[in-house]
Structures are given as structure tokens and as C-alpha cells.
Amino acid sequence: MKIIEPSNFIEEEINKDLENGKAKEVITRFPPEPSGYWHIGHCKAITFNFEIAKKYGGYTYLRMDDTNPTKEDGDFADSYLADLKWLGYQPKKLIYASEAYFEDMYHFAENLIKSGDAYIDEQSQEEVSKSRGTLTTPGTESPYRNRPVEESLQIFRDMRAGKYDDGQVVLRAKIDMAHPNMNMRDPVIYRVQKVKHYRTGNKWCIYPMYDFAHPLEDALEGVTFSLCDMSFEDHRPLYNWVLEKCWKKPYPPRQIEFARLNLENVLLGKRFLRRVVNEKKVMGWDDPRLFTLVGMRRRGFTAKGIKDFILSAGVTKADATVPQSALNFHIRNDLNNIATRAMVVLDPLKVVITNLDKSEEIEIENNPNDENAGSHKSLFSREIFIEKEDFSLNPPPKYNRLVEGGIVRLKGAYIIRCDKVVFNENGEIDHLECEYLPETKSGQDNSGIKCKGTIHFVSAENYFPVTIREFKNLFKEEITDPTKALIEGASLDDILEPNSLVNRTAYAENFLKTAKVEDRFQFMRKGYYCLDKDSTADNLIFNLTINLKDSFKPTK
RNA sequence: UGGGGUGUCGCCAAGCGGUAAGGCAUUGGACUCUGACUCCAACAUCCGUAGGUUCGAAUCCUACCACCCCAGCCA
């Protein structure tokens, strides 16, 4: 296997193992428990597990780590398949741990009992917990700890046979009740769960615990590097203990931990996301304000943008909270290359072109960054709508849009001059009367007239109303870490931004009538939008993915 | 008071004893039929703190400080 130029500490570690012969190849795995939806934090783990293996010419398994039937559901497992595909990753193989490894694991457990490294404990859950000790005081040994091997073996077999109920007995690894690492104080490795498993049904009534199952799953699969987050660092000694006691083969998998990804002002964490969804604070798991994968997808984020962001943020062991602006940069970057341009007026102001009586077809480039993107037809006519903010009676300095008596270019059409502002009886602007300059047609303008501003517009004969969904962050701006706030006892309503979703209508050029769900557009000079799945034939709904950057500073 | 980690620019992050990469953000400016994109420029005399070793330290040593994780029959 090739040694590559390392670009992070994980690759440095892998190189070392490859060089000193501890590993021969790079096989990784992503092992979700099917009990919720993926969020951007999972995307980080997925991305690095897949990308690192790929770099070394290795591969990655997708393994459902389904060892707890009380929490799991096949629908989640199915959603992961779709999510992974959307992200653009192809696992070497899809594995359900419950189906693939339970029998093997059971035998490993029996052997552990036989070698005197595990025993059946009959203490209550409360007793087990109490005798574990505390962070600063050692635990005490269970009275069952030194029972005869045969006795433990018999009970374990009876456990499997269903002769015990939940909580009556457990299998514990015999390690050290005084170990400074709490995970090593005789951890429970098998428990009874008389619950139907979404995959294996009632075949099993005993289930291995994560700490026992995970290293063995990795080993059985042939995984060489088991990349996980820092919270498992304390579990590594146990991971290695299990492999030493049970696996005993060359090239055991190696666990390497990295820090989780946090985003500023973003809630992550399955149980909290579930709460927001269950309490109906959002439209569902795929609400565009959520940073679940399905939410980001519905919002209009691209898989490439998300992955570029993750890769650019890097992997280290240090806690990191990245501002959303870093993510947004990569999303805009990708969208800029692929989004179809269209003209949509969000806040219309009517303009009458007094010297135009026939309408005229115009052409709009679909994407100036992609010469193969083509163009689409739009219309310039006597009555049009421009953005209210593109006209000013009292223009600030450097305002290069339309002013009284001034000129501005209409994107793809002509330069117009504002001759008159017509007010209504309330003294508000009703509409503008303008003249177009016939010799300034877009693409064939030889007039020599210099015009510093270009604005977008929509023809009164070529538009239809659409619904726009604008999103702000789900949580109040000052709550930089909503997850922490909830842990510290804040109520959801305390930290939720009151108006994070605003619906409005806009005037879109007819071209947009053919948009399909998830199609991505750049509404020129405004932002990136995509068609939402809630759209109906007579009500297209566009989600604001992200605004265009705007460096106009009216103050100077 | 135990164990395991981490501390380099506002935020990520290179750096691995030879005198602080890069990205995001920000600020100027150029370009522009998207005030977008692109481009160009500015942005840590300093690497948690204090000592020490060395011709030379963010990199080695010592002490201290701060923050994160661990007491599920969850993963």
C-alpha cells in the first residue's frame, strides 16, 4: 500500500503504521446506529472515513451498528443509504452488524467466560452502578465476580435461551474495579433485551454492548483504522482489551479519535434535534433551518459544498467551533458554478417605459461561469417591475442604481432613464415613468453611454407570483452554542429565534415555471434559491439557500 | 481530589530546533450588463503563562493556568 503525503494527523498515524508494518492497508468504516438522522457532524466523520481510505487506495464499509433494538428502526437505516448516495460515496459493502456478527460475538463472549475474563453478574442495575465507585474513588467488586466459570457459562447460555428477563443478569468483563479509567471497571458487555429487533426480529434476546461489539465488528470486517470522535478516547483501552482477549490475530484494527465539528449558533445532537422536531418547532427533520443532511439538502446546499467545507476545516483533536460563514463560503462557491440565473423581483416597484409600445424578447445567460449552460428567453415590455430598493429619491453616496433623472441598465435589455416619479394619494411612490434608450440594447450597444448600475427586472407580461421562504438561524444570534444552552437548562422557547421562517411572495420570470424540486437557481443580485418539495402546480415555493454577498456600504 | 485530551491571528489550521503557510471573516482598491464572481493589497515581532536548555525554541525540559470528555444494563 502506498504511503501518501499526510495532510492531517490521522494520515501521519496511518503512514507510521504502514511503514512499521502494523498495518498493511487502509480499510475504514462508518458505523451509524440507525436511530436518527445524520447531521453535518456525521458528514465530517463520513467524509474523512471515505476520503482517507480513498487516498490510500483502500475502501470504506457502511455498517449499521444496530446492537440496541430499543432505539433502532429500519427507516433510519434506509435514510442513511439515500443520504450517503447523495453525498456521493459508495461503500464497499453495506453491513448490518446484527445480522453479520451477533453469532460470532456470542462465541467470543463464551470464550471470554471460559478464559476467566468475564462473568455473569446478578446484581441489580442500581447495585452495579453504585459499586462502580466515582471518578476519584475506586469501585468495589461484585460478589459474583469470582463465581465458577461453569456457572457463568451456564447462565449465559440460559440468557441466550431466554430464561432471564431484562435486567436480571448481565455479562461483565473482568478487568479492574479500581481502574482509574471508569470504562475499565468491569464493564457490562452483554445484556438481556426482550425487544423485537428491526432486522433480526426475535432471534436474539441478548445484545452486546458497544464496547464489546465495536472492536469485534471492526476486526471481523477487516477494518484497519477505526476513526471516531474524541468521546471514545477513554474507551480505547477497552477496545484494545477486547481485541487482545478475543481477537488475537495480527493486524488488529486501530482506533484513532478526532474532534467533532461544531458550528456557531447551530444545534447538533440527535436527542436535541429530536426535541425540536417533536415539539413542532420546525417542519420536520428536513427543515431547511436544521443542519441535518436532509435539511441542508432541502435548503439547497450541495454535497460538494458541504464536503469542501469539511475538508477545508480539517481534522484535529482540538475542540473547534466554526462560524457558519465558512460553510456558506463553500456553498456559494459551488452554487456560483452550477446555479441557473434567473430574474426575480422580491419587492416590486412598477415602471412604465413611456417610449415603448411593443414588447421585445431578450436573452439571459443561464450561467456566465459555464459556457455550456446556454441561455433562456425573457421579456422587456412597456410595463415592468424593478426592485423597490433599486430606486431612491434620496440616494446615499455611491448609489449607482436608479434615481430621478438618472439612468440604469436593465439586465439583458436596455438602459433606461427615470423621467418622472408618480405618487399616489398617500404620498407614496406609485410607479416610475422612464424612457428606454433604443441604441443601448444589451449585447449591441454602441452608444458609448456609460452606466454604472445594472439592475434586474421582470416584465408585467412575463411573470408569475411565487412563494419565497426566507430563513434566519433557528436560534437567537447571541446563542452561539444552542446545544450547550439546552444542556444547561434553557427552554427551547428561550433560545429560539421568533421569526426564523418568513414567507413572502415575489414576481418571477416565467422561465421559472419549469423548475423541478431541488433545482437550484441564482436569483440575480439576490441570492441562491431552490425549489421546495412543498411546491404545487399553482404555487411554486423557493427556499432561500443563501444570499449573495453584498459589499455595498451606503454610509460612505 | 482520579483518568483521558486540548491550548498558534476574531474563527478554523499548517508548523515536528533554524527564526510564524493557507482558508474563512474583516478592511482598502481594481474589474464588472449580477455592488456577485474574479483580481490585487492589508491583516500574529508572536505561538495559554512562567521559568529553563540551546548560538538559536511555537517546536525540547519543568511548573503552573484554562477549557473539553468519562461514573448507561446508550452508541
Side-chain angles (χ1 to χ4, degrees), chain A residues 7-8 12 31-33 35 65-68 70-72 121 123-125 128-130 132-139 166-172 178-185 187-193 207 209-211 213-214 228-237 257 259-261 264 270-271 309 312-330 332-333 336-337 341 343 365 368-369 398-401 408-415 440 442-443 445 451-456 522-528 547-554:
Chain A
S7 56
N8 53 248
E12 281 177 10
E33 179 190 34
S35 61
D65 204 6
D66 50 3
T67 59
N68 183 353
T70 62
K71 290 172 64 186
E72 296 148 9
D121 197 351
Q123 290 185 107
S124 69
Q125 187 165 170
V128 168
S129 170
K130 207 173 280 176
R132 195 176 337 264
T134 70
L135 295 178
T136 51
T137 59
D166 295 28
Q168 262 188 294
V169 289
V170 294
L171 181 66
R172 291 231 254 168
H179 200 106
N181 180 340
M182 299 295 286
N183 295 122
M184 300 296 269
R185 319 243 262 229
V188 170
I189 57 177
Y190 256 98
R191 80 289 211 188
V192 177
Q193 302 245 252
Y207 289 85
M209 295 287 288
Y210 168 87
D211 285 312
H214 212 84
C228 61
D229 75 70
M230 295 287 287
S231 67
F232 293 102
E233 201 156 31
D234 288 340
H235 295 247
R236 185 165 10 104
E257 313 84 10
R260 277 205 259 240
L261 171 66
E264 252 172 39
K270 245 183 233 177
R271 62 188 254 242
F309 160 67
S312 82
V315 245
T316 66
K317 290 169 86 77
D319 291 338
T321 301
V322 182
Q324 287 183 52
S325 61
L327 205 207
N328 292 341
F329 170 82
H330 292 280
R332 284 199 186 95
N333 207 30
N336 184 227
N337 290 324
R341 315 289 130 128
M343 296 204 282
E365 267 186 303
N369 300 319
K398 289 193 179 173
Y399 185 83
N400 51 24
R401 282 110 97 157
V408 78
R409 159 140 245 135
L410 293 176
K411 177 73 187 174
Y414 298 83
I415 292 176
T440 61
S442 180
D445 181 351
C451 180
K452 46 189 181 358
T454 300
I455 64 174
H456 59 103
Q522 185 201 86
F523 293 174
M524 280 190 283
R525 302 206 309 129
K526 296 313 282 182
Y528 294 101
N547 283 121
L548 244 35
K549 283 214 274 188
D550 181 8
S551 61
F552 177 54
K553 292 166 204 69

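Below, chains carry the letters A, B, ... as their sequence lines are ordered, and counting in each starts from 1.
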Let me have a per-nucleotide readout for nucleotides 69-75 of chain B, 5' to 3', with B, S or -, counting only protein heavy atoms under 4.0 Å.
-> BBBSBBB
Separation of atom CZ in Arg409(A) from atom P in G35(B), rounded to whole Å = 13 Å
Which whole-number value in Å describes the distance from His456(A) NE2 to U32(B) P?
-> 21 Å
base_contact_polar (C24(B) base, Gln324(A) side chain, donor-acceptor, <3.5 Å) | no
N/O donor-acceptor pair, side chain Asp550(A) with base G35(B), under 3.5 angstrom | no
If we take the [atom1] atom in both [N] and [M], what is their distance in whole Å?
N: C60(B); M: G7(B); atom1: P; value: 12 Å
N: U6(B); M: G48(B); atom1: C1'; value: 11 Å
N: C37(B); M: C24(B); atom1: P; value: 11 Å

Indicate, with a heavy-atom threshold strictly under 4.0 Å, whether [X] touches base, sugar-phosphate, or nothing.
X: Asn400(A); answer: base
X: Gly412(A); answer: base
X: Arg341(A); answer: base

Identified pairing partner of A50(B), criterion: Watson-Crick or G-U wobble below 3.5 Å = U62(B)
Which residues satisfy the side-chain contact (heavy atoms from CB on, under 4.5 Å) test with Pro237(A), sequence neighbours excluded?
-> Asn181(A), Met184(A)
Salt-bridged, Glu257(A) to Lys317(A), with N to O below 4.0 Å?
-> yes
Which of these nucleotides, G35(B), C12(B), C37(B), is closest to any side-chain atom of Val322(A)?
-> C12(B)
Residue set satisfying ring-ring contact (aromatic ring centres under 6.0 Å, His included) with His235(A), at least two apart, ordered chain then number -> Phe232(A)
